[in-house]
Amino acid sequence: MLIYLPLLILLYAAIACLLFWNKPKIQEYLAVSATIGLLGVASLLLKNVYQDGIISSQLGGWSAPYGITLVADTFSALMILISSVTALVCIIYAHDNIDKLRKSKGFYIIFLFMLFGINGAFLAGDIFNLYVWFEVMLVASFVLLSLGSTKAQLEGAVKYVVLNFIASGFFLTGIGLLYRVTGTLNMASLSMVIQEVKSPELVTLCALFFLLSFGIKAAVFPLFFWLPASYHTPPMAITGLMAGLLTKVGVYAIIRFFTLLFVNNTDFTHTLLLIISGLTMVTGVLGAIAQKDTRKLLSFHIISQIGYMIMGLAIFTPLAIAGAIFYIIHNIIVKTNLFLISGITGKINGSFLLKKSGGIYDHYPYLALLFVISAFSLAGIPPLSGFWGKFTLAKAGLENGDMMIVAVSLIVGLLTLFSMTKIWSKVFWPAMPESQVNEQRPPVKFSMILPVVLLAAITLYIGLFPSLLLDIAMQASQQLLNPEEYISVVLNKN
């Protein structure tokens, strides 16, 4: 039952919230309880997989490669754990960040269903079922983006859903073509069958369709324009969750497909990924530097940081993929925290515009310290978590002879630091604007500061004691590059 619990807890909690539609307070208790329970189950799942190996289960009594397959390896179990941490801090933050109207319109229900879709995508062992989980996640995230029905939200949500529907079209095309070529959609079965396809160029074409689909969802270059147009519009509890998790589901799918399935033509596919990673880093960080709104600036940094994750996959060595996985975990924690901090500073200043902000350090020095921890970690300053992720990727790149992408990653790291100092010099360090001198600054609610403190503490812990996460990431990397155990467990070949 352990592999089902990350889904069942969320599904039953969402159904229970529906039964209390007119009682948002009860919905909140149920959602918080569900995310706490999910955190416990996710921790146990990762412990079991890390110690005892991959877990697989078949729904409906159909043996693989038929029926619905759920698989938990180290990578997917780690992603479920980090998604549960992100969900818990965001649901706590939402207590004072989400208004009563949104809560009364089903915020907690949609929140749980989106997390349900995310966890389903991490556990999917069949490509068509992965498509279904992506659609669950897409519909729920669209509702969350538009919940509140402001003009900016609706504009952002329309751009988001249109481009993601295009991504779904590429996904379905890839599924149809791949099934025509191989006769199966079970990932473990595909991993064996795809090696024997007599038309390898069709397999490469399938790979490009999936790369287009997942690339849109992951917001890689040049498919990222929907993200900065939409992520700044909803309340920060929603943005924090989406910034931390949604694009990472796309990255997860790219890593899964281009390690387990599409490895026949790595000279082409992974060289293409290497180019995409560099362009994603550069365009994202340059876009961030040009912004004058903290939400948009941080949104462009989501794009830039995705480039580092794709870089690890493109280098395609055990150390590089371990570095990519480490970087994903670090980035989810740090990026979520930066958005939550910006939500607090925006509430204090009454604006997210840099020119209308200031005085945070004078009045809230502890908040400035929390920002510095997350900002320096994002830039890769030692000994914070971002340093170890970038160090691992750079080491892997140098060992593999990929000097250019390593140089690009280091330059982008410096530009990231520059953009973070831009926020510091406009929002935290200067005195408050003259128009606000006589205004009383609002107190920071405990429910909003607690998640920020927890995420900053995790960032510090990972930075000071990186060995455990590096060991887990290395095991996940070995399983991805050597899929024999995955295939054996799913197809019951022991």
Side-chain angles (χ1 to χ4, degrees), residues 1-9 38-84 118-130 132-133 184-195 248-249 251-263 312-313 316-326 328-329 468-494:
M1 283 297 295
L2 189 58
I3 198 170
Y4 296 104
L5 287 177
L7 302 175
L8 293 178
I9 288 173
L38 177 63
L39 178 59
V41 167
S43 302
L44 185 59
L45 179 63
L46 178 59
K47 180 178 179 233
N48 282 17
V49 171
Y50 182 63
Q51 293 179 348
D52 302 326
I54 297 172
I55 300 172
S56 177
S57 183
Q58 292 290 127
L59 286 173
W62 291 84
S63 60
Y66 310 103
I68 298 174
T69 304
L70 298 180
V71 189
D73 61 0
T74 305
F75 187 25
S76 58
L78 183 60
M79 293 301 291
I80 289 174
L81 176 60
I82 197 64
S83 70
S84 65
I118 290 171
N119 284 353
F122 291 145
L123 291 172
D126 177 278
I127 294 181
F128 186 77
N129 293 319
L130 177 63
V132 173
W133 290 117
T184 181
L185 292 175
N186 181 279
M187 293 186 197
S189 178
L190 272 169
S191 184
M192 296 189 303
V193 174
I194 209 167
Q195 310 297 328
K248 311 312 181 295
V249 180
V251 174
Y252 168 87
I254 293 174
I255 292 176
R256 177 71 68 187
F257 275 52
F258 286 85
T259 54
L260 182 62
L261 304 180
F262 302 118
V263 293
L313 171 62
F316 206 59
T317 65
L319 182 63
I321 292 178
I325 293 169
F326 186 100
I328 290 171
I329 304 305
L468 177 59
L469 182 55
L470 282 170
D471 288 343
I472 295 172
M474 184 57 73
Q475 185 187 89
S477 173
Q478 294 289 353
Q479 289 177 349
L480 288 167
L481 291 176
N482 302 283
E484 292 80 10
E485 182 188 0
Y486 183 98
I487 295 168
S488 176
V489 171
V490 172
L491 300 181
N492 197 23
K493 291 195 172 189
N494 293 328

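Quick caveat, the model's predicted, so the values are computed rather than measured. FYI, side chains are in, hydrogens and waters are out, and symmetry mates aren't considered; it's all heavy atoms of this structure.
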With rounding to the nearest 0.5 angstrom, report the [atom1] to [atom2] distance, [X] to [Y].
{"X": "Leu190", "Y": "Leu260", "atom1": "CG", "atom2": "CG", "answer": "8.0 Å"}
{"X": "Ile487", "Y": "Asn482", "atom1": "CD1", "atom2": "CG", "answer": "10.5 Å"}
{"X": "Phe262", "Y": "Ile194", "atom1": "CZ", "atom2": "CD1", "answer": "4.5 Å"}
{"X": "Lys248", "Y": "Ile329", "atom1": "NZ", "atom2": "CD1", "answer": "10.0 Å"}
{"X": "Asn48", "Y": "Ile3", "atom1": "CG", "atom2": "CD1", "answer": "11.0 Å"}
{"X": "Ile325", "Y": "Ile472", "atom1": "CD1", "atom2": "CD1", "answer": "11.0 Å"}

> Do any N or O atoms from the side chain of Glu485 and from the backbone of Gly53 form a donor-acceptor pair under 3.5 angstrom?
Replying inline: no

> Does Phe122 offer a backbone N or O that forms a donor-acceptor pair with the side chain of Tyr252 under 3.5 Å?
Replying inline: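 At least one qualifying donor-acceptor pair exists.
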
> Quick check: are there more than 12 heavy atoms from other residues, nucleotides or ligands sitting under 6.0 Å from OH of Tyr66?
Replying inline: no

>> Walk me through whether Leu70 and Leu7 qualify under side chain to side chain contact (heavy atoms under 4.5 Å, CB included).
In response: CA-CA 11 Å; Leu70 298 180; Leu7 302 175; 4.2 Å; yes

What pair of heavy atoms forms the shortest contact from [X] to [Y], and how long is it?
{"X": "Ser477", "Y": "Thr317", "result": "OG-O, 4.3 Å"}
{"X": "Gln475", "Y": "Val49", "result": "OE1-O, 4.0 Å"}
{"X": "Leu8", "Y": "Met1", "result": "CD1-CE, 3.7 Å"}
{"X": "Ile80", "Y": "Asn119", "result": "CG1-OD1, 4.0 Å"}
{"X": "Gln195", "Y": "Leu261", "result": "NE2-O, 4.4 Å"}
{"X": "Ala124", "Y": "Asn129", "result": "CB-C, 4.5 Å"}

> Please walk me through it: do Thr259 and Phe75 pass side chain to side chain contact (heavy atoms under 4.5 Å, CB included)?
Replying inline: CA-CA 12 Å; Thr259 54; Phe75 187 25; over 6 Å; no

> Can Trp133 and Leu123 be said to form a side chain to side chain contact (heavy atoms under 4.5 Å, CB included), step by step?
Replying inline: CA-CA 10 Å; Trp133 290 117; Leu123 291 172; over 6 Å; no

Side chains of [X] and [Y]: does their closest heavy-atom pair fall under 4.5 Å?
{"X": "Leu2", "Y": "Val41", "answer": "yes"}
{"X": "Lys47", "Y": "Asp52", "answer": "no"}
{"X": "Ser76", "Y": "Arg256", "answer": "yes"}
{"X": "Met187", "Y": "Val71", "answer": "no"}
{"X": "Ile127", "Y": "Asn186", "answer": "no"}

>> Looking only at side-chain N and O atoms, does Tyr4 offer a donor or acceptor that is under 3.5 Å from a partner on Ser57?
In response: yes

> Taking it one step at a time, do Phe258 and Phe316 satisfy side chain to side chain contact (heavy atoms under 4.5 Å, CB included)?
Replying inline: CA-CA 9 Å; Phe258 286 85; Phe316 206 59; 6.0 Å; no

